[in-house]
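Encoded as structure tokens, here's the structure I'll be asking about.
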Amino acid sequence: MTDRLTPRAREIATAARTLLEESGPTALTLRTLADRLGIKAPSLYKHFPDKHAVEVELIAQMLEESAAALEAAEERDPGSLLTLAEAYRTYALDHPHLYCLATERPLPRAALPAGLEERAAMPLMRVCGGDLDLARSVWAFAHGMVVLEIHGRFPDDADLGAAWKRGLKTFHP
């Protein structure tokens, strides 16, 4: 977590993250969060103006963590789209509720730390040789695969590893 928050705001964000990861986005309400912290809901407003601000902090955490995961994958295997995609998939599946919170609604760009979205995108941009259209296409494929997997839309016997490899190969032969 970053130093953009006060210590108390960090505690609140940590509790919100735990609540989100345990129960999903619909369980994340200010009342539930206050109950988790053992305080009254109005006390939260001293640190976050509304629920959206709490969600923005969680989305920022997701972008920071996924950027770090992709940067580490890139360092382990430079230029490998497969390694990068595996890191993306692993992060998303390890944090399905956080991933869905961050990706299934409009991104609150104006409220995010400056440069964070770009940092998260840069490993893919580098693997795609700076081709923005290719990077967007690959990201759309990866996001679609991950969301379908999170929501259990593939049959139990589906070989998703093979589907990922085949799909990525079409973008990056």
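Given the structure is predicted, the values throughout are model-derived calculations rather than measurements.
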- prompt: Mind checking what makes side chain to side chain contact (heavy atoms under 4.5 Å, CB included) contact with A163, not counting sequence neighbours?
  reply: M145
- line: Taken in chain and number order and not counting sequence neighbours, the residues that satisfy salt bridge (Lys or Arg N to Asp or Glu O under 4.0 Å) with R109 are E117
task: Tell me, please, which residues at least two apart from T32 pass side-chain hydrogen bond (donor to acceptor under 3.5 Å, both in side chains).
output: T29
Sequence neighbours excluded and cut-off under 3.5 Å, please list the side-chain donor-acceptor pairs for residues 91-101, or say none.
residue : atom : partner : partner atom : Å
Y91     : OH   : E65     : OE1          : 2.5
H95     : ND1  : E21     : OE2          : 3.1
Y99     : OH   : Y88     : OH           : 2.5
Y99     : OH   : H143    : ND1          : 2.6

Which pairs of donor and acceptor atoms, one on a side chain in residues 43-50, lie under 3.5 Å apart (sequence neighbours left out)?
residue : atom : partner : partner atom : Å
S43     : OG   : K40     : O            : 3.4
D50     : OD1  : H52     : N            : 3.3
D50     : OD1  : A53     : N            : 2.9

- prompt: With sequence neighbours left out, what residues match E86 under side-chain hydrogen bond (donor to acceptor under 3.5 Å, both in side chains)?
  reply: none
message: Is there a path of hydrophobic side-chain contacts, each under 4.5 Å between heavy atoms, that joins L116 and L124?
response: yes
task: Identify, with sequence neighbours excluded, every residue that meets salt bridge (Lys or Arg N to Asp or Glu O under 4.0 Å) alongside E74.
output: R126
- prompt: Can you find a heavy atom in the side chain of M122 that is under 4.5 Å from one in the side chain of R119?
  reply: no
- request: With sequence neighbours excluded, tell me which residues meet side chain to side chain contact (heavy atoms under 4.5 Å, CB included) with S80.
  value: D77, L82, T83
task: Sequence neighbours left out, what passes salt bridge (Lys or Arg N to Asp or Glu O under 4.0 Å) with K165? Give chain and number order.
output: none
Using distance only, find each side-chain donor-acceptor pair of residues 128-136 under 3.5 Å and give its atom names and separation, not counting sequence neighbours.
residue : atom : partner : partner atom : Å
D131    : OD1  : D133    : N            : 3.1
D131    : OD1  : L134    : N            : 3.0

field: Pairing residues for D35 by the side chain to side chain contact (heavy atoms under 4.5 Å, CB included) criterion, not counting sequence neighbours
entry: R31
field: Audit row: I12, L5, side chain to side chain contact (heavy atoms under 4.5 Å, CB included) steps and yes/no
entry: CA-CA 10 Å; I12 293 167; L5 301 176; over 6 Å; no
- request: Sequence neighbours left out, what passes side chain to side chain contact (heavy atoms under 4.5 Å, CB included) with R166? Give chain and number order.
  value: none
